[in-house]
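Take a look at the structure below.
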Number of protein chains: 2
Amino acid sequence: MAISTRGRYGVRALLAIVKANGPLSTAHISKLEDISLPYLEQIFNKLKRAGIVRAKRGAQGGYLLSRSADTISVGEIIGILDGPVKFSQCHHPDHEEECEKRDICASRRFWSDLENDVNSKLHKTSLQDLKNIETGLIEKVQAHDGETNLLRS
Amino acid sequence: MAISTRGRYGVRALLAIVKANGPLSTAHISKLEDISLPYLEQIFNKLKRAGIVRAKRGAQGGYLLSRSADTISVGEIIGILDGPVKFSQCHHPDHEEECEKRDICASRRFWSDLENDVNSKLHKTSLQDLKNIETGLIEKVQAHDGETNLLRS
DNA sequence: GGCAATCTTGACAGAGTCGCTAAGGATTGT
DNA sequence: ACAATCCTTAGCGACTCTGTCAAGATTGCC
């Protein structure tokens, strides 16, 4: 229903793989991202069954993305790990008890719109986008460090 | 943390008061909006302590808004009933364990941005806005009914 | 004043989820 | 063979969600 640590851990773990550019074991990711190892394995289990990720077993093995980073969205990852993002129930098609005020309910309309906004952003942002954001942030920090160095000298 | 039924019920209940234009008892709201009466009382308890709503006791009593409908936002209601909306923890000032990657973490940045978007929408929308949306929806339905009537005749 | 309507408070409880641990088995590369 | 790694299942403590139940206090109205 909501976005929980499981989903966020998953995003961070996959982003770590993107940055690593090669198979990365759960043990490594656990250290890099400071996430409990068994919990991480549970997460990758789901990601694998969903086809997001491939496992390479044995020594020097680990997980790799099964698709390119720009085709995997944050929304897809969250959907797999936390389920669909819902702010309300009554506007979903699978909601059996049809409300007779359906078409004239402002609350329903409001939550439905909000949910669409969030899902849209979630699905528009890919792992590749996150990687790009990260390199941007790093450059910014380095530039700032350069400035302070100038001031110090 | 997330937006739950408690918050959404609260919004609907307050919207019912706005539409009623006068004190509305929890018993009435319970029937109008099909919400469990004791649960609703629990909700109004919180709303009253937060100063959103005034109680008029005795016969013909009920609850009224203590401010005008355009100064009460959905965000404020949700904040009172469900707590602040958070998609992630690590970017909040009150989060004690400061992460050293704080300034270069793309995930953190992403969740923080998303949260801002949602909170902005939540706080920009007032009860009055919801009422306006509702009258808009009703007019639409009536217009549509008119059309079908024309077709039938 | 008496009564009924209404608000007020607090305890509690069943179900489910979250975040995580534990233990061991299966598969592969070297 | 052996070690690294993945894979599976089970359980568990804390918490939240969504209410229910039971009384008590206050007020309006006749």
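These values consider heavy atoms only, across backbone and side chains, with no hydrogens, waters or symmetry-generated copies. If you're wondering where the values come from, they're calculated on a predicted model, not measured in any experiment. Residue numbers start from 1 in every chain, and the chains themselves are labelled A, B, ... in the order their sequence lines are given, proteins ahead of strands.
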Query raised in the report: What residue pairs, at least two apart or across chains, pass salt bridge (Lys or Arg N to Asp or Glu O under 4.0 Å) with a residue in residues 37-46 of chain B?
Result: none

Query - N or O in side chain of A:Tyr9 less than 4.0 angstrom from C:dG19 OP1/OP2 - result: no

Query raised in the report: Between C:dC7 atom C1' and B:Arg49 atom CZ, what is the distance in whole Å?
Result: 13 Å

Mind listing the N/O atom pairs, protein and nucleotides 20-23 of chain D, below 3.5 Å?
unit_1, atom_1, unit_2, atom_2, d
D:dT20, OP2, B:Ser36, OG, 2.4

Report task. With sequence neighbours excluded, tell me which residues meet side chain to side chain contact (heavy atoms under 4.5 Å, CB included) with B:Asp117. Result -> A:Lys121

Requested in this report: Mind jotting down which residue pairs meet the ring-ring contact (aromatic ring centres under 6.0 Å, His included) criterion with at least one end in residues 119-140 of chain B? Sequence neighbours excluded, please.
Outcome: none

Query raised in the report: Roughly, in whole Å, what's the span from CG in A:Leu47 to P in D:dC6?
Result: 13 Å

Query raised in the report: Hey, is the side chain of A:Ser4 poking within less than 4.0 Å of OP1 or OP2 on C:dT17, counting only N and O atoms?
Result: no

**Report entry** Sugar-phosphate, base or nothing in reach of A:Phe44, heavy atoms under 4.0 Å
**Finding:** nothing

Report summary line: Taken to the nearest whole Å, CD1/A:Ile35 to P/C:dC18 is 17 Å

Report summary line: The bend of the helix from C:dG1-D:dC30 to C:dT30-D:dA1, taken between the axes of its five terminal pairs at each end and rounded to 10°, is 20°

Which atoms of nucleotides 1-3 of chain C (N or O only) lie under 3.5 Å from a protein N or O atom, and what are those distances?
none

Query raised in the report: Under the salt bridge (Lys or Arg N to Asp or Glu O under 4.0 Å) rule, what pairs show up with a residue in residues 128-144 of chain B, not counting sequence neighbours?
Result: B:Lys19-B:Glu134

Please output the side-chain donor-acceptor pairs of residues 58-66 of chain A that fall under 3.5 Å, not counting sequence neighbours, one pair per line with the distance.
unit_1, atom_1, unit_2, atom_2, d
A:Ser66, OG, A:Gly51, O, 2.5
A:Ser66, OG, A:Ile52, O, 2.9
A:Ser66, OG, A:Val53, N, 3.3

Query raised in the report: What parts of residues 14-31 of chain A reach DNA chain C, counting only heavy atoms under 4.0 Å away?
Result: none

Requested in this report: Compare the minimum distances between each of C:dC7, C:dC20, D:dC6 and the side chain of A:Thr5, then state the nucleotide with the smallest one.
Outcome: C:dC20

Requested in this report: Report yes if a side-chain nitrogen or oxygen of A:Asn45 is closer than 4.0 Å to either non-bridging phosphate oxygen (OP1 or OP2) of D:dT8; otherwise report no.
Outcome: yes

**Report entry** Sugar-phosphate only, base, or nothing, as touched by A:Arg6 at under 4.0 Å among non-hydrogen atoms
**Finding:** sugar-phosphate

Query raised in the report: Can you tell me if the side-chain N/O atoms of B:Lys48 get under 4.0 Å from OP1 or OP2 in C:dC7?
Result: no

Query raised in the report: B:Ser25: what forms a side chain to side chain donor-acceptor pair (under 3.5 Å) with it, not counting sequence neighbours?
Result: B:His28

Query raised in the report: B:Arg54: what forms a side chain to side chain donor-acceptor pair (under 3.5 Å) with it, not counting sequence neighbours?
Result: none

Table of protein N/O atoms under 3.5 Å from nucleotides 26-30 of chain C N/O atoms:
unit_1, atom_1, unit_2, atom_2, d
C:dA26, N3, A:Arg57, NH2, 3.4
C:dT27, O4', A:Arg57, NH1, 3.1
C:dT27, O4', A:Arg57, NH2, 3.4

